[in-house]
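The structure under discussion appears below in the form of structure tokens.
Remember, it's a predicted structure, so these values are computed and weren't measured experimentally. Order of the sequence lines fixes the chain letters, A, B, ..., with proteins taken first and strands second; residue numbering starts at 1 for each chain.
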Number of protein chains: 2
Amino acid sequence: MNTPRPVPILVQPPIAVPEPCGTCGMRSISVCNAIDDIHLIRLAELANGVDVQAGRVFITEQDKATDFFNITEGTVRLFKLLPDGRRQITGFAGPGHFLGLAVSANYSFSAEAITDVKLCRFSRPRMRQMLHDFPALEETLLEVASNDLVCAQEQMLLLGRKTARERLASFLVARAHDGVPSDMPRTRLHLAMTREDIADYLGLTIETVSRTFSKLKADKLIAIPSPPEIILLNLNALQAVAAAEK
Amino acid sequence: MNTPRPVPILVQPPIAVPEPCGTCGMRSISVCNAIDDIHLIRLAELANGVDVQAGRVFITEQDKATDFFNITEGTVRLFKLLPDGRRQITGFAGPGHFLGLAVSANYSFSAEAITDVKLCRFSRPRMRQMLHDFPALEETLLEVASNDLVCAQEQMLLLGRKTARERLASFLVARAHDGVPSDMPRTRLHLAMTREDIADYLGLTIETVSRTFSKLKADKLIAIPSPPEIILLNLNALQAVAAAEK
DNA sequence: TTGTGGCATTGAGCCATGTCAAGTTTGAGT
DNA sequence: ACTCAAACTTGACATGGCTCAATGCCACAA
């Protein structure tokens, strides 16, 4: 099932910050950054490193919400299903993303690894205690939740009111800015997700996604050397389309 | 880094809880409930009762986010606009709703009173201080944000994947459960919002909303004595349609 | 080299929803 | 009671995106 990382040692406390949190390269961009070095050992006790194979569902909607997750490597799709199989992807999550906020006792969405994924798992009850003891952590989580909420509202605008072309442009622009400084957007994308994922994220069908990519290509806004590679030839124009300007 | 818990007061606590928060009928269902009676005076100092006329926009997207709001009376629409006027309503907010969570320094949505509205306004910087001093308040806010997030994800599923009929059914079922104990859903609705609001909330046009209402009426799932009055004749069937069962 | 299976692309036709255009109902004001 | 404007409903038609189906493009295994 899961593969625990090295567990805190039994003898002398380590000189530096304890494993695994102390050396976690993702700490600087994750919620864990809210915790001081001196208290990091408490976090490390809670943290449970897990590897998830590509294609594995590790959060299932309606299941008891037992854990929080923090992604350290790979990409994940978050989604909801209708009984007949229609799927809405509510977001993609990469390194640094925090998952598992839920009001009720059960998860309200599913999560599936797109690539092989490494993540940190925290038991919810123990995490709650941490939140209680470290208001700064709670504050960070509130920021994360607020941020997710803003993204969700933006996505509602996209799903409710934008055309297929505008949706694709919005998607590409968002990917260009994802995880890089905002003044240095990417111009070459390696999409981890398939056309079907994109379709289910944008409320379209595979065919419409494919056709719309072809149109953007014909309009010289993008180039597709070979999927999943996409080059943004004119980011400004794409941004204009995404924002529905003109 | 981390914050001491609430500081004891300097003088004798007042006999009763101070105005206006002490007598606020909405306190029991709002975030303010996270604050003890004895500290409520600090909240009252921050709170600023405001009346907003129907039709008034009191939060404008992109404006500097100076305040938080807590609605005590009336109904509000929250929305985002595209440059050409296309509108997506991201939610309706009634008594007890908390508004203004934002990541950036600016609001990411607009808010407009549908009916005459009474609300409590809190300055953001001073509210931040309160959050710092009262972790319980921060916790409550995190719950609010998580809850909003769950709703937003549900709405993405609706906007991305549901048919017009399923959207309307979902909307009606949600209104039936809004603000009442979950085992006692309403069966008679007084909708505060117009067909246009409903359309902009569900990602449809007025005409489709109207036609779909008519079909639901023909199918004996609802009755419309006269808008904005709607009677839910068969809530179970509506729920089945909303969930896309069968 | 030749399958084989998973994606992705493209075409043809259709349909749910949008658009445009009348009408109808409602309610507030006089 | 009448008027007017705003909200709602309904019909006829248009269309963007969906469905169904064929084809193309790899990577990989035998």
Listed partners of B:T208 passing side chain to side chain contact (heavy atoms under 4.5 Å, CB included), at least two apart: B:A164, B:L204, B:T205, B:T212
What's the angle between the local helix axes at either end of the helix from C:dT1-D:dA30 to C:dT30-D:dA1, using five pairs per end and rounding to 10 degrees? 30°
Can you measure B:I206 atom CD1 to C:dA21 atom P for me and round it to whole angstrom units? 15 Å
Can you tell me if the side-chain N/O atoms of B:S214 get under 4.0 Å from OP1 or OP2 in D:dT10? yes
Applying side chain to side chain donor-acceptor pair (under 3.5 Å) as the test, list every pair that has at least one member in residues 78-100 of chain B; sequence neighbours left out. A:E154-B:K80, A:E166-B:R86, B:E61-B:K80, B:D84-B:R86, B:R87-B:D197, B:R87-B:D200
A:R165 meets the side-chain hydrogen bond (donor to acceptor under 3.5 Å, both in side chains) criterion, sequence neighbours left out, with A:D219
Write out all pairs satisfying salt bridge (charged side-chain N to carboxylate O under 4.0 Å, His left out) with one or both partners inside residues 97-115 of chain B, taking only residues at least two apart or from two chains. B:R77-B:E112
May I have the distance from B:I114 (atom CD1) to D:dA7 (atom P), rounded to whole angstrom? 12 Å
If I take atom CZ in residue B:F213 and atom P in nucleotide D:dT10, what distance separates them, rounded to the nearest angstrom? 13 Å
Between atom CD1 in A:I224 and atom P in C:dA8, what is the gap in whole Å? 10 Å
Atom NZ of A:K217 and atom P of C:dT9 are separated, to the nearest Å, by 6 Å
Taking ring pair (Phe, Tyr, Trp, His ring centres under 6.0 Å) as the definition, give me every residue that meets it alongside B:F92, ordered by chain and number, with sequence neighbours left out. B:Y201
Which residues share a salt bridge (charged side-chain N to carboxylate O under 4.0 Å, His left out) with B:D51, sequence neighbours left out: B:K118
Taking DNA chain D as the partner, which of residues 193-202 of chain B come within under 4.0 angstrom of it by heavy atom? B:T194, B:R195
Check whether A:F68 forms a cation-pi arrangement with A:R124 (NZ or CZ under 6.0 Å from the six-membered ring centre, at most 45° off the ring normal). yes
Only distances under 3.5 Å count here; give the side-chain donor-acceptor pairs of residues 224-231 of chain B to other protein atoms, sequence neighbours excluded, each with its distance to 0.1 Å.
unit_1 : atom_1 : unit_2 : atom_2 : d
B:E229 : OE2    : B:H190 : ND1    : 2.8
B:E229 : OE2    : B:H190 : NE2    : 2.9

Length of the line joining B:H190:NE2 and C:dT26:C1', which is rounded to integer Å: 17 Å
Who are the ring pair (Phe, Tyr, Trp, His ring centres under 6.0 Å) partners of A:F122, not counting sequence neighbours? none
Can you list, pair by pair, the side-chain donor-acceptor contacts under 3.5 Å of residues 176-185 of chain A, counting residues two or more places apart and other chains?
unit_1 : atom_1 : unit_2 : atom_2 : d
A:H177 : ND1    : A:V173 : O      : 3.0

Which letters describe nucleotides 14-28 of chain D, given B = protein heavy atom under 4.0 Å from base, S = only from sugar-phosphate, - = neither? ---SSBB--------
Hey, what do you get for CG (A:L99) to CZ (A:F58), rounding to the nearest 0.5 Å? 5.5 Å
